[in-house]
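Just below is one structure, and these are the notes that go with it.
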Amino acid sequence: MTRAVRMAGDRESWPGDVLERALLRGVRLEWPKKEEFGDLSTPLAMSLAKELGKPPRTVAGVVLAALREIPEAENTFSKIEIAGPGYINFSLSSAYLSDFLERCLSGEALVPKVKAPRRINVEFVSANPTGPLHVGHGRGAAFGDSLARLLREVGHEVSTEYYINDAGNQMNMLGKSVYLALRKITGNESPEEKLRLLGESDGYRGAYIADIAREILETPGVMDADVLADARDGRFTDRVQATFTDFSQRRIMEGIREDLAGFGVSFDRYFSEKTLHKKADDGLSSIERWLSLLEREGGGSIYSSDGALWFKTTAMADDKDRVLKKSDGSYTYFAADIAYHADKVARGYDTMVDVWGADHHGYQARMQAVAKTLSDRAGRPVDLKICLIQLVSLLRDGTAVSMSTRAGEFVTLREVVDEVGVDATRFSYLTRSHESALEFDLSKAKERSMDNPVYYVQYAHARIRSLLAQAAGRGVSVGTFHAKDFAPLTEPAERSLIRLMAQFSGVLHRAAESFEVHPLTDYLTALAGAYHHYYFHHRILSSEEADRPVMMARIGLSTAAGRILAAGLSLLGVRAPDSM
RNA sequence: GCGCCUGUAGCUCAGUAGGAUAGAGCGUCGGACUUCGAAUCCGCAGGUCGCAGGUUCGAUUCCUGCCAGGCGCACCA
């Protein structure tokens, strides 16, 4: 295409700068909405026409003439035509489509790799270990995990990471909450003690807090006898604080890992914030080391004022600069975040993806400022891509399920997964763009209806597997397929199906480029629909000898479609069942 | 007050770096199982793309201003 545009440009002596600018933008290929417009389409001539000051259809005509002289174009397209206001529409030739099917079945990778693979770190969930994961975390988990799989699939080098906020007051409060729960269980609850430890705060009050306290009391050996004795008697020593905090956090983190594992999500690395605060042999913590390094080499982004240390986040459109080290000498959460991201850059990533809850959007500007500084210092481009996951509201039979975080009465991810299953939960989370709020209706998610397309897609796959099993049962032996075997596929429904299948890798690449996963979910639903339609209208298995070539071609087509469905579902972390 | 996200069919949402007659599912209504899985298929109806301007040959898409909903604006974590 690029070549054709160049040829056309030479021939018509179009201004070179206009041409190069257009080519730099890239020749955009779209999938036309209607099949009558072909399989691929480009509005290129229309944008070119604007700059050239010529009618779009004329420009398209010149490009088309040049295209016809290119042999590859001749082979891959059966028809190229100008339509509408100046689109150039391409219809894929049956030879191309047959080759495509052969490749699908040959065991070759379905998806070509990107030319310039990047080293990408995807950080997601990163929930504080102060309680179990709730449905909002679940959406982030499904998104981050599938995004990572997607990025990997298109050829990037991807690793995933969970940042554990295990430092700071929240952790102490967790320890205190469990301690107080234990006091309550042993019949020693006292408002004075609570006020002394937590002040006005309520602390953490979910049932899981009492569970942990009960475990400490009832399971011999989980806690040092001296510490337990102190706790029972109401001596809240530093050691009690440390032991309770540590134990509670470990328990909760174990629970989180279990919930994630049950949800099909695992991480390459869990990164503890605590390690950033810990003093090394040289007496400096990681935070201190990074901050002083950036103070020297960060291009003036860090400065002192009013007895505190600041980061110049206004450089990146933040409202005001942010404090790193408070005048009392302690570090803010933001300081740890800087050290953490600096560490990621030092580990060689060139793209950092941060998946956050939408309520953190106010932090974007400051983190982008940090990324800019880190990138400049590293002397290479390092991108920070922040994906904000919008709210999930839970419904049951159309009415909101109340979720009061304060009282710890939120619906956990585990409860949802137990109720509706991993597949339906993950698929539902991924049917919408992550930046629009999601309504998750528990009763609908359980239904096996089109309100819940996961079953629709899985059913298409199961249908295909069952068909193939049926074929095998009838003694149909399936060998290796060659492009020519697909010549009998002449039905419009077959062509529509293949045309859609051929979009698979394009959908993945485009989704990966925009760091989205819901286009894949939509695509799979459409592909399943195309297969169901085809299957309903055309008989595949036949015992007539004369039908054998058609049958074999259809079996090949079905196998290929099944493979694409399975590949897509696996990226979503959803099973592709053989039967259901 | 400032900032971010959202506003498209009765409902839930898509809509590809401005492009062809704005799409899908659910829901409503009406059809299709003696043959490979009816968890399926086929059809009908349903729209001032929040409102008003602007840029453009062309705007759901870009810009400005309103309106509505959600979220966020700490030397908290």
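It should be emphasised that the depicted structure is a prediction, and the values quoted were computed from it without experimental measurement.
Residue-to-nucleotide contacts include a donor-acceptor pair under 3.5 Å from the side chain of A:S327 to the base of B:C75.
Atom pair A:H434:NE2 and B:C13:P shows a separation of 15 Å (rounding to whole Å applied). One atom, OH of A:Y204, and another, C1' of B:A77, lie 8 Å apart when rounded to the nearest Å. As a whole-Å value, the separation of A:Y456 OH from B:G37 P is 17 Å. Atom CD1 in A:I540 sits about 16 Å away from atom P in B:U35, given to the nearest Å.
Side-chain atoms of A:K326 lie closest to B:C75 of the nucleotides B:C75, B:U21, B:G37.
Here the options are A:H538, A:R554, A:R499, the test is side chain to side chain donor-acceptor pair (under 3.5 Å), and the partner is A:E494; only A:R554 passes.
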**Item:** Paired and unpaired positions of RNA chain B as dot-bracket, Watson-Crick or G-U wobble under 3.5 Å, | denoting a partner strand
**Value:** (((((((..((((.....[...))))..((((.......))))......(((((..]....))))))))))))....
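Here A:E419 pairs with A:R396 in a salt bridge; the nearest charged N to carboxylate O distance falls below 4.0 Å. Of the charged side-chain nitrogens involved, at least one lies within less than 4.0 Å of a carboxylate oxygen, so that A:R495 and A:D39 count as a salt-bridged pair.
Nearest-nucleotide positions on RNA chain B place A:E435 closer to the 5' end than the other of A:A462 and A:E435. Comparing A:D578 and A:P85 by the nucleotide of RNA chain B that holds the closest heavy atom to each, the one mapping nearer the 5' end is A:P85.
Considering only side-chain N and O atoms, A:K34 lies nowhere under 4.0 angstrom from the phosphate OP1 or OP2 of B:U21. Proximity of A:Q470 to the phosphate of B:G37: a side-chain N or O atom is located under 4.0 Å from OP1 or OP2. Contact annotation: A:K444 side-chain N/O to B:C11 OP1/OP2 distance is not under 4.0 Å. Side-chain N/O atoms of A:H518 include one lying less than 4.0 angstrom from OP1 or OP2 on B:G15. Taking 4.0 angstrom as the limit, A:S436 places none of its side-chain polar atoms (N or O) nearer than this to OP1 or OP2 of B:U6. Side-chain nitrogen and oxygen atoms of A:K320 include at least one within less than 4.0 Å of the OP1 or OP2 phosphate oxygen of B:C75. Between A:R432 and B:U6 there is no side-chain polar atom (N or O) within less than 4.0 angstrom of OP1 or OP2. The phosphate of B:C42 (OP1 or OP2) has a side-chain N or O of A:H533 nearer than 4.0 angstrom.
B:G37 has no base stacking with the ring of A:Y459 when judged by centroids under 5.5 angstrom apart and an interplanar angle below 30°.
A gap of 24 Å separates the C1' atoms of B:G15 and B:U64, to the nearest Å. B:C73 sits 24 Å from B:G65 when the P atoms are compared, rounded to a whole Å.
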**Asked** For A:Y531 and A:S558, what are the C-alpha separation, side-chain angles and deciding distance, and is it a side chain to side chain contact (heavy atoms under 4.5 Å, CB included)?
**Response** CA-CA 8 Å; A:Y531 189 80; A:S558 297; 2.8 Å; yes
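Shown here, B:C33 is classed syn by the O4'-C1'-N9-C4 or O4'-C1'-N1-C2 angle, which is within 90° of 0.
A:H533 and A:H537 have tilted rings, their planes meeting at an angle from 30° to 60° on a 0 to 90° scale.
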